[in-house]
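Some notes on the structure that comes next.
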Amino acid sequence: MRKTSDVLWQDAQHQVLFEILDSISEPGADGGVLARLRDYTETHFALEELYMEQLSYPDRESHVRTHDKFRQEIDKLLHEGQEHDPLFMGIISTFLTEWLTCHVFGVDKDLEKFLLQADVK
């Protein structure tokens, strides 16, 4: 059995995502932070989805749907045009942090278990 540290790329990327989320609620945060989150999230999701496809992950379709929902939410927030409103950014930060926390400690943990049992990392 492989150790959890064998999936360090996933943990490291999750840490960066949470760091970006933390910066959303900082004074002066604007749409640029949301765009950075969108771009980094896309990189992370693409890597996870590649692993799921190459390793025939059984819950791939469901997992990708959760990624797609997040993609839609980020795009919608970027088009709201309220990224200069501190209250709006605070609400966004809370919503996205809760969503990502549930995702990382839910479906991503299932994926991690699967990856740890796979021969390829």
Side-chain angles (χ1 to χ4, degrees):
M1 181 79 144
R2 294 182 187 265
K3 299 178 295 194
T4 303
S5 62
D6 288 342
V7 194
L8 277 178
W9 64 265
Q10 191 182 38
D11 291 338
Q13 289 182 1
H14 288 157
Q15 183 62 37
V16 171
L17 288 169
F18 282 111
E19 288 170 7
I20 296 170
L21 281 171
D22 286 345
S23 67
I24 290 174
S25 61
E26 291 178 3
D30 60 15
V33 178
L34 290 175
R36 183 171 160 232
L37 177 64
R38 180 199 56 216
D39 295 345
Y40 194 85
T41 300
E42 188 52 43
T43 299
H44 172 69
F45 286 172
L47 183 57
E48 280 190 356
E49 291 168 7
L50 177 65
Y51 269 89
M52 288 187 279
E53 183 177 336
Q54 289 182 347
L55 298 173
S56 301
Y57 181 56
D59 294 327
R60 179 181 173 274
E61 288 182 27
S62 173
H63 197 124
V64 171
R65 278 194 301 274
T66 66
H67 288 176
D68 289 342
K69 177 130 177 80
F70 192 83
R71 287 174 174 118
Q72 291 167 359
E73 291 296 331
I74 290 287
D75 285 342
K76 187 167 73 172
L77 292 170
L78 282 166
H79 290 91
E80 290 287 322
Q82 298 181 36
E83 62 271 2
H84 297 289
D85 179 351
L87 179 60
F88 179 74
M89 294 300 282
I91 292 168
I92 288 172
S93 177
T94 300
F95 166 74
L96 294 177
T97 300
E98 288 177 5
W99 187 97
L100 195 59
T101 299
C102 289
H103 182 79
V104 166
F105 294 104
V107 295
D108 273 358
K109 283 298 175 190
D110 293 337
L111 175 59
E112 181 182 287
K113 288 175 194 171
F114 180 82
L115 291 174
L116 289 171
Q117 294 173 357
D119 293 330
V120 178
K121 297 289 176 275

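On a predicted model such as this, the values are computed, not experimentally measured, just so you know.
- Taking the six-membered ring where the residue is Trp, His44 and His14 present perpendicular rings, their angle passing 60° and hence far from 30°.
- Taken from CE in Met52 to CG in Asp59, the straight-line distance is 9.5 Å, to the nearest 0.5 Å.
- Here the closest non-hydrogen pair linking Ala29 and Ile24 is CB-O, 3.1 Å.
- Checked by atom type and distance alone, the side chain of Ser23 pairs as donor or acceptor with a backbone atom of Ile20 at under 3.5 Å.
- Following chains of ILVMFWY side-chain contacts shorter than 4.5 Å, one can reach Phe95 starting from Phe105, so the two form part of one hydrophobic cluster.
- Shortest non-hydrogen contact noted between Val104 and Asp108 is O-CB, 3.3 Å.
- Between Lys76 and Gln72, every side-chain heavy-atom pair lies at or beyond the 4.5 Å cut-off.
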Given Asp68 and Arg65, is the salt bridge (Lys or Arg N to Asp or Glu O under 4.0 Å) satisfied, shown in steps?
-> CA-CA 5 Å; Asp68 289 342; Arg65 278 194 301 274; over 6 Å; no
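- Residue His103 holds its NE2 atom at 11.0 Å from OG1 of Thr101, rounded to the nearest 0.5 Å.
- Atoms CZ and CD, from Arg60 and Gln54 in turn, are 10.5 Å apart once rounded to the nearest 0.5 Å.
- Salt bridge annotation for Asp39-Arg36: absent, with no cationic side-chain nitrogen under 4.0 angstrom from a carboxylate oxygen.
- Closest heavy-atom contact between Leu55 and Phe114: O-CZ, 3.3 Å.
- The hydrophobic clustering, which links ILVMFWY residues whose side-chain heavy atoms are closer than 4.5 Å, places Trp99 and Val107 apart.
- We find the CD1-OG1 distance between Ile92 and Thr97 to be 11.0 Å, quoted to the nearest 0.5 Å.
- Once rounded to the nearest 0.5 Å, the distance linking CD of Glu48 with CD of Glu112 reads 10.0 Å.
- Between Leu115 and Tyr51, the shortest heavy-atom distance links the atoms CD2-CD2, 3.7 Å.
- Atoms CG and CD1, from Leu96 and Ile74 in turn, are 4.5 Å apart once rounded to the nearest 0.5 Å.
- Looking at heavy atoms from C-beta onward, Val64 lies out of side-chain contact with Glu61 at the 4.5 angstrom threshold.
- Taking each heavy atom of Asp75 and Arg38 in turn, the nearest pair found is OD1-CD, 3.5 Å.
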